[in-house]
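Right, one structure below, let's go through it.
One-based numbering, in listed order, for ligands and for the atoms of each. None of these values were measured; they are calculated from a predicted model.
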Amino acid sequence: MWGGLAVLILVLFTGCSSPGRGTDNVAAGTVKVEESTLSAGSSNKDVQSTQNTSVQDTKPEEIPPEDDSQEAVVPQKAPKCEGISRGVNLGNALEAPQEGAWGVVLKESYFEKIKDAGFDFVRIPVRWSGHASLEAPYEIDANFLKRVDWAVEQALSRGLVAILDMHGYDEFMQDPKGEEKRFIGLWKQLSKHYAGYPDKLYFELLNEPTNNVPGDVWNNCISGALKIIRTTNPDRYIVVGPVSWNGIQQLYSLSLPEKDKKILVTYHYYSPMEFTHQGAEWVQGSDSWMGTAWTGTAAEKAAVRSDFDLAVEWARSNNRPLLMGEFGAYSTAKMVYRTRWTGFAAREAEKRGIAWSYWEFCAGFGVYDSGAGEYRQELIDALIPPGK
Ligand code: BGC
């Protein structure tokens with residue numbers, strides 16, 4: 001149903017920039033997202049405060065039951081993803097132009113809650129590009145680096161793996177060729193700085209290279225960054241995803257060094273966009289998606305399964321472990337459907353040996369309600385079923 005659908009995602013806000021998502025010419029189930037310059041952060045912040053009042057029904061709605069038929073065949077598994085299984089993104093904090101600007105300031109207690117809930121890793125999106133000089137050697141601001149170190153140490157000291165993810169690099173998305181040197185320069189500093197850190201720190205080269213990033217330019221950047229990083233961090237896991245917003249359909253375009261076995265391949269999953277991004281302020285036209293349900297019909301489930309199977313097929317033939325590094329449904333969708341979709345995506349990933357990290361902890365998609373100081377029970381149960 002996505003094929004041929006052309007939705008141009010435009011920017012609704014001015015000022016700082018942040019990713020948004022869109023779809024166009026997308027094969028079934030794969031999310032193609034359009035990077036745009038808008039203040040998704042401020043939008044997420046606004047949403048955070050309206051989270052519990054999202055959809056007001058005028059009459060009670062009947063909730064159709066979920067299809068519970070089992071898959072006819074046992075799905076194939078991706079090569080084992082060592083060290084991580086269930087994680088959460090600490091989104092809207094360190095990838096905001098300034099921490100707090102998008103309503104999230106990281107706290108020690110968040111790491112405790114994450115550990116206690118049974119997650120074994122966090123993905124920490126960081127806007128390095130917003131805190132580094134524009135001229136070579138692209139020096140990263142020392143205070144910012146200290147703050148990120150603090151976050152990494154909060155995770156590591158609790159036995160959580162920390163994926164340090166270069167996020168919100170808008171300049172790169174606009175001019176990938178022109179930013180190549182700066183991208184490598186940032187990784188040069190980071191790899192040196194974190195060289196002595198435990199193996200439980202992973203690096204993620206870049207969040208969601210958009211469709212504006214040609215596959216060959218991206219592959220060139222990957223190879224350049226790996227060369228630099230491997231001189232000081234020979235054994236550290238490095239997470240890499242394909243262009244087209246880390247879309248499953250572009251996995252085939254990734255070119256990775258055969259001999260480097262410490263690479264995890266990531267994809268992001270938000271399909272169907274009409275459901276997961278209904279009413280998302282940073283996706284133009286998404287207001288008309290409001291009210292979209294995901295009840296978990298046989299067809300809806302089959303679409304998710306076939307997307308994941310495609311990823312697994314690629315992973316098996318390329319002998320790479322898989323991480324679904326982002327997936328989630330915005331708070332504007334009905335909670336009952338959010339939990340169904342989220343739980344289903346998580347279980348189907350697990351069946352296929354795919355590690356996952358939910359987008360995100362305590363903002364607009366939040367599994368945790370920072371105002372109330374507690375998890376949203378239905379969502380956390382969908383992610384980590386009690387007793388499992
Ligand atoms: C972006 C966020 C966005 C989320 C879902 C992330 O990769 O950085 O701004 O809210 O995807 O669209």
Next item on the list: Run the contact test for Glu95 against ligand 1 with a 4.0 Å cut-off on heavy atoms, strictly below, and give the result.
Entry: no
Notebook entry, point to check: With a 4.0 Å heavy-atom cut-off (strictly under), which part of His167 contacts ligand 1: side chain, backbone, both or neither?
Noted result: side chain
Check: When rounded to the nearest 0.5 angstrom, what distance separates CG in Leu383 from OH in Tyr375?
Finding: 9.5 Å
Next item on the list: Report yes or no: is the cationic atom of Arg86 (NZ for Lys, CZ for Arg) closer than 6.0 Å to the six-membered ring centre of Phe121, at no more than 45° off its axis?
Entry: no
Check: Can you list the residues that meet the ring-ring contact (aromatic ring centres under 6.0 Å, His included) rule with Tyr197, with sequence neighbours excluded?
Finding: Tyr194
Notebook entry, point to check: Under a heavy-atom criterion of less than 4.0 Å, does His268 contact ligand 1?
Noted result: no
Checklist line | Atom indices of ligand 1 within 4.0 angstrom of Glu208 heavy atoms, with elements | finding: 7 (O)
All N/O donor-acceptor pairs, side-chain side in residues 134-144, below 3.5 Å, sequence neighbours left out:
residue, atom, partner, partner atom, Å
Asp141, OD2, Asn143, N, 3.3
Asp141, OD2, Phe144, N, 2.8

Margin query: As a check for students: among Phe327, Phe365, Trp359, identify the option with a heavy atom nearest to atom 4 (C) of ligand 1.
Written below: Trp359
Next item on the list: Measure up the Tyr169 and Phe172 rings against each other and bin them: parallel (under 30°), tilted (30 to 60°), perpendicular (over 60°).
Entry: tilted
Margin query: Given Asn89, which partner from the list Arg123, Glu360, His167, Glu326 fulfils the side-chain hydrogen bond (donor to acceptor under 3.5 Å, both in side chains) test?
Written below: Arg123
Checklist line | Which segment of Asn207 sits under 4.0 Å of ligand 1 when only heavy atoms are counted | finding: side chain
Notebook entry, point to check: Backbone or side chain, does any N or O of Glu326 fall under 3.5 Å from an N or O of ligand 1?
Noted result: yes
Notebook entry, point to check: Of the backbone atoms (N, CA, C, O) and the side-chain heavy atoms from C-beta on, which set of Tyr270 has a member under 4.0 Å from an atom of ligand 1: side chain, backbone, both, or neither?
Noted result: side chain
